[in-house]
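Note sheet for the following structure.
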Amino acid sequence: MSITRITKGIKRRLKNNKANKLCRLQKNPLATINKTVVTTFYDFEADYAGTGKQQPCFATVARILEIEKKHGIHSTYNTVAKLAHDIPDIVKEIHHRGHEIASHSYDHTVLLPLSRQQKKHNVESAKQMFDALGYSNIGHRSPQSAWDFTLVKQLSENNYRWNAENGSEPYPYIIHQTETNKLWRMPVRDDDWYYVRDKMQPKQVLQKWISLVQQARETQSYTAIGFHPWLQASEDKLVVLEEFFAWLAGQDDIAVMPFGEVVNAMESQ
């Protein structure tokens, strides 16, 4: 194993340990809500994540919006800012349906290797583009969930209120705070990458998602599960996605809320 890879691994562990410690020092901000809170979200990126993803991405979003409407599910769509500029009508329709529009960076560049100034430029450019399009964007999720505390500071300085990244923390917590702004870390527990990474069948993935929510219910913890529209493009996967949403909607003790709505609920207590 190379020295560079070892160094990166050490830095990643230190960063994650610091994040976990911040969480442990804070009380569960959802403890007084007598339901298990679940967030469903999408990383909406199309060809900015790789050539050939645009058409299946757009077609699938239209199907997903109908599924969500049928089951009363509202989600967060983490959208690449340049994509929102490219296809304003689709993003406008997503927002019109009651879903949250958030940032998935300016152009889907992986932010972690960038310099401090480059991170600042990407965050500010995304914020300005969403503002120009008329969206009051308060949240960010990093491409590949590759983040560091320099990025966290940049998000806070640009008045973001939440940042969703992969993590095992049991509930949201404040990862950065100033006199005028709180930045909440929304830990992401799972996604649909089983299809690529583990070559799982849709029914197997469905059981994974349900099991995770049941675990959150038993431990009084929060969970966020993410999807990629281009990855959900086949009929069998869409059938499973609808089965999952139907199951969520049928659980009286589960509240499905976009990230921004969760933050508002925590700060209103």
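Side chains are part of it too, since the values below use all heavy atoms of this structure and drop only hydrogens, waters and symmetry mates.
The closest side-chain heavy-atom distance from Tyr195 to Lys237 is below 4.5 Å.
Side chains of Gln118 and Ser115: a donor on one and an acceptor on the other come within 3.5 Å. A side-chain donor-acceptor contact under 3.5 Å links Ser75 and Glu68.
For the residue pair Tyr222 and Pro187, the shortest heavy atom distance occurs at CE2-O, 3.8 Å.
The side-chain hydrogen bond (donor to acceptor under 3.5 Å, both in side chains) test applied to Arg161 returns Asn264, Glu267, not counting sequence neighbours. Judged as a side-chain hydrogen bond (donor to acceptor under 3.5 Å, both in side chains), and not counting sequence neighbours, Thr150 has no contacts. Every side-chain hydrogen bond (donor to acceptor under 3.5 Å, both in side chains) that Glu243 has, sequence neighbours left out, goes to Lys203. Glu218 meets the salt bridge (charged side-chain N to carboxylate O under 4.0 Å, His left out) test with no other residue; sequence neighbours excluded. For Thr76, the side-chain hydrogen bond (donor to acceptor under 3.5 Å, both in side chains) test picks out Glu100, with sequence neighbours left out.
Taking the six-membered ring where tryptophan is involved, the planes of Tyr77 and Phe44 are perpendicular, since the angle between them exceeds 60° and thus also 30°.
Through direct or relayed side-chain contacts under 4.5 Å between Ile, Leu, Val, Met, Phe, Trp and Tyr, Tyr160 connects to Leu22, Leu111, Leu114, Val123, Trp147, Phe149, Leu151, Val152, Leu155, Tyr173, Ile175, Leu183.
No more than 12 heavy atoms of other residues, nucleotides or ligands lie within 6.0 Å of NZ in Lys92, so this atom counts as exposed by the packing criterion.
Taking the ring centroids of His140 and Trp162, they lie at or beyond the 6.0 Å cut-off.
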